[in-house]
Amino acid sequence: MPELPEVETVRKGLLDFLPLKINKVERTPELASILKTEEFSLKGLTISSLERKGKVLIFHLGNGKTVVSRFGMAGSWEVSEEKNKKKHNHLQLHCTSSQGAVFLSYVDARRFGKMHIGYQEVTKRELAKVGVDVTTEEFNEKVLRDIFKKYPDRQIKPLLLEQEKLAGIGNYLACEILAHCKVRPTRRCKTITKEETKKMVWATKKVVSESIEKNGLTFTKTTGYRDVLGNAGEFFDGLVVFRQKLCKMCGDGPVKKIVLATRGTFYCPQCQK
DNA sequence: CAATCGACCTGCTGGC
DNA sequence: TGCCAGCAGGTCGATT
Ligand SMILES: [Zn+2]
């Protein structure tokens with residue numbers, strides 16, 4: 001269920017343990033459906049740096065060796081001092097980290113995640129499918145305007161979710177961004193004004209950065225997204241429409257829920273035009 | 001070609 | 001309380 005802020009929080013959490021030398025690899029048979037590429041063994045390699053583009057996390061292990069990880073709806077990386085005995089732990093790496101001996105695990109109950117263990121070429125190929133990351137300098141008004149020009153008849157909200165166009169936005173971020181720039185999710189791109197486009201860039205930067213500051217969003221108490229040490233994200237109170245009854249911007253508008261491209265979509269008819 | 005829509009999985013939530 | 005349909009933060013591939 002991770003969007004850009006959750007993946008970034010996981011990345012930052014792992015940074016504290018670098019370098020991570022992998023001494024032993026344990027895996028379940030179910031990893032096979034997640035692991036799309038396997039060009040070498042991880043045993044004996046050392047994770048030296050971590051990169052992120054949109055919702056994709058990239059591990060660098062030296063000599064052009066990389067791991068590309070997409071979390072799907074329920075996947076995440078966890079660090080523990082004790083062996084991680086969680087039910088859906090499909091890959092457990094016994095490591096020596098800068099903090100001592102730890103276990104690095106990829107846990108994914110629904111197995112919608114994808115992983116590639118491959119050389120630079122694989123990373124390059126995978127990242128080529130990913131559009132402009134919304135946290136980069138590259139993301140600006142022109143990028144959005146060009147997309148709108150190219151897809152004039154499409155509804156804005158499903159378009160925001162497409163990672164080949166903009167990278168990092170998922171369902172909650174899309175709803176929140178559109179609320180903050182006061183644009184209804186059903187609006188066709190060609191009807192979005194220059195002023196609204198400008199505001200959408202601002203809203204994207206605002207919502208994404210605020211969620212990152214809060215270490216992402218956790219919904220359910222028991223399950224759902226956690227950082228590498230098992231802590232919940234605290235962005236819940238920052239939501240203004242997503243899964244809300246009342247709009248938190250105007251304070252009294254009842255939030256409407258519709259379905260767009262099979263995804264639950266929330267907006268305030270009072271605030272958003 | 002672009003756009004929509006079910007399929008992939010497990011587990012929580014809410015209504016009866 | 002128990003059961004069970006409906007739904008979930010995301011892609012993909014097949015089909016229109
Ligand atoms: Zn409102």
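As the structure is a computational prediction, the values presented were derived from the model and not from experiment. Letters A, B, ... are given to chains in the order of the sequence lines, protein chains preceding strands, and every chain is numbered from 1.
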J.: Decide, yes or no, whether a salt bridge links A:K65 with A:E39 under the criterion of side-chain N to carboxylate O below 4.0 Å.
T.: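 Result for this pair is no, no salt bridge flagged.
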
J.: Check A:E176 with A:K206, please: is the shortest side-chain N to carboxylate O separation under 4.0 Å?
T.: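 Salt bridge: no.
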
J.: Quiz question: by atom type and distance under 3.5 Å, do the side chains of A:N23 and A:T96 form a donor-acceptor pair?
T.: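 Note: A:N23 and A:T96 side chains meet the donor-acceptor criterion.
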
J.: Nearest whole Å is fine: how far is C:dA8 P from A:L260 CG?
T.: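 Nearest whole value for this atom pair: 12 Å.
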
J.: Give me the residues of residues 239-247 of chain A where at least one heavy atom lies under 4.0 Å from an atom of DNA chain C, by number, or none.
T.: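 Close to the strand are A:F242, A:R243.
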
J.: Quick one: are the ring centres of A:Y225 and A:F219 less than 6.0 Å apart?
T.: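 No, too far apart.
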
J.: Just how far, in rounded Å, is P of C:dG10 from OH of A:Y225?
T.: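 Value for this atom pair: 14 Å.
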
J.: Please tell me whether A:N89 and A:S105 have a donor and an acceptor in their side chains that are separated by less than 3.5 angstrom.
T.: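 Present: a donor and an acceptor within the cut-off.
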
J.: In whole Å, what is the span from the CD1 atom of A:I34 to the P atom of B:dC9?
T.: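 One finds 11 Å between P of B:dC9 and CD1 of A:I34, rounded.
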
J.: Counting only non-hydrogen atoms, which of residues 142-160 of chain A are less than 4.0 Å from DNA chain C?
T.: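 Residues of residues 142-160 of chain A under 4.0 Å from DNA chain C: none.
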
J.: Are A:E26 and A:K83 close enough for a salt bridge, meaning some N to O gap below 4.0 Å?
T.: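 Counted as a salt bridge, because a side-chain N and a carboxylate O are separated by less than 4.0 Å.
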
J.: At under 4.0 Å between heavy atoms, how does the protein contact nucleotides 11-16 of chain C? Give one character per nucleotide, 5' to 3', with B, S or -.
T.: BS----

J.: Check the distance between B:dC8's C1' and A:H90's NE2 and give it to me in whole angstrom.
T.: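 Atom-to-atom, A:H90 to B:dC8, this comes out as 14 Å.
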
J.: CD of A:E162 versus C1' of B:dA3: gap in Å, rounded?
T.: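 Roughly 9 Å, once rounded to whole Å.
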
J.: Between A:W77 and A:F17, does the ring centre distance come in under 6.0 Å?
T.: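 They do not qualify: ring centres at least 6.0 Å apart.
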
J.: Base, sugar-phosphate or nothing for A:A109? Non-hydrogen atoms, less than 4.0 Å.
T.: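 If one applies the 4.0 Å heavy-atom cut-off, A:A109 turns out to touch the sugar-phosphate alone, with no base involved.
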
J.: Run the side-chain donor-acceptor check on residues 255-265 of chain A: report pairs under 3.5 Å with partners two or more places apart or on a different chain.
T.:
from: A:T265; atom 1: OG1; to: A:K157; atom 2: NZ; distance (Å): 3.0
from: A:T265; atom 1: OG1; to: A:R263; atom 2: O; distance (Å): 3.0

J.: Say we look at C:dG6 and B:dG6: how far apart would their P atoms be, to the nearest angstrom?
T.: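 The same atom, P, in both gives a distance of 14 Å.
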
J.: Check this for me: does any side-chain nitrogen of one of A:R52 and A:E8 sit under 4.0 Å from a carboxylate oxygen of the other?
T.: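 Yes, A:R52 and A:E8 are salt-bridged.
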
J.: Please tabulate, one pair per line, all N/O donor-acceptor pairs under 3.5 Å involving side-chain atoms of residues 138-147 of chain A, not counting sequence neighbours.
T.:
from: A:N140; atom 1: OD1; to: A:K142; atom 2: N; distance (Å): 3.1
from: A:N140; atom 1: OD1; to: A:V143; atom 2: N; distance (Å): 3.0
from: A:E141; atom 1: OE2; to: A:R145; atom 2: NH1; distance (Å): 3.4
from: A:K142; atom 1: NZ; to: A:D146; atom 2: OD2; distance (Å): 2.8

J.: With rounding to the closest Å, how many angstrom separate the P atoms on B:dC12 and C:dT11?
T.: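 B:dC12 and C:dT11 have their P atoms separated by 23 Å.
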
J.: Distance check, C1' atoms only: B:dG11 and C:dC12, in whole angstrom units.
T.: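 Per the computed distance, 22 Å lies between those C1' atoms.
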
J.: Which whole-number value in Å describes the distance from A:Y172 OH to C:dG10 C1'?
T.: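 To the nearest whole Å, that distance equals 14 Å.
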
J.: Do NZ/NE/NH1/NH2 and the carboxylate oxygens of A:K165 and A:E162 come within less than 4.0 Å?
T.: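 Salt bridge: yes.
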
J.: How does DNA chain C look in dot-bracket form if you count Watson-Crick and G-U pairs under 3.5 Å, write [ ] for pairs that cross, and put | where a base pairs with another strand?
T.: .|||||||.|||||||

J.: On the six-membered ring of A:F71, is A:K55 placed so that its NZ or CZ lies under 6.0 angstrom from the centre and within 45° of the ring axis?
T.: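 Because its charged atom misses either the 6.0 Å distance or the 45° angle limit, A:K55 does not stack over A:F71.
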
J.: Under 4.0 Å between a side-chain nitrogen and a carboxylate oxygen: does that hold for A:E210 and A:K214?
T.: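 So A:E210 does not pair with A:K214 through a salt bridge.
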
J.: Just checking, any donor-acceptor pair under 3.5 angstrom between side chains of A:T186 and A:Y267?
T.: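 No pair is found: no donor N or O on one side chain lies under 3.5 Å from an acceptor on the other.
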
J.: Would you indicate what A:K257 reaches in the nucleic acid, counting non-hydrogen atoms under 4.0 angstrom: base, sugar-phosphate, or nothing?
T.: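 Answer is sugar-phosphate: A:K257 comes under 4.0 Å of backbone atoms only.
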
J.: Does B:dG11 have OP1 or OP2 under 4.0 Å away from a side-chain N or O of A:H88?
T.: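 Checking A:H88 against B:dG11: at least one side-chain N or O falls below 4.0 Å of OP1 or OP2.
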
J.: Expressed as a whole number of Å, how far does the P atom of B:dC5 sit from that of C:dC7?
T.: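 Result for the P pair: 16 Å, nearest Å.
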
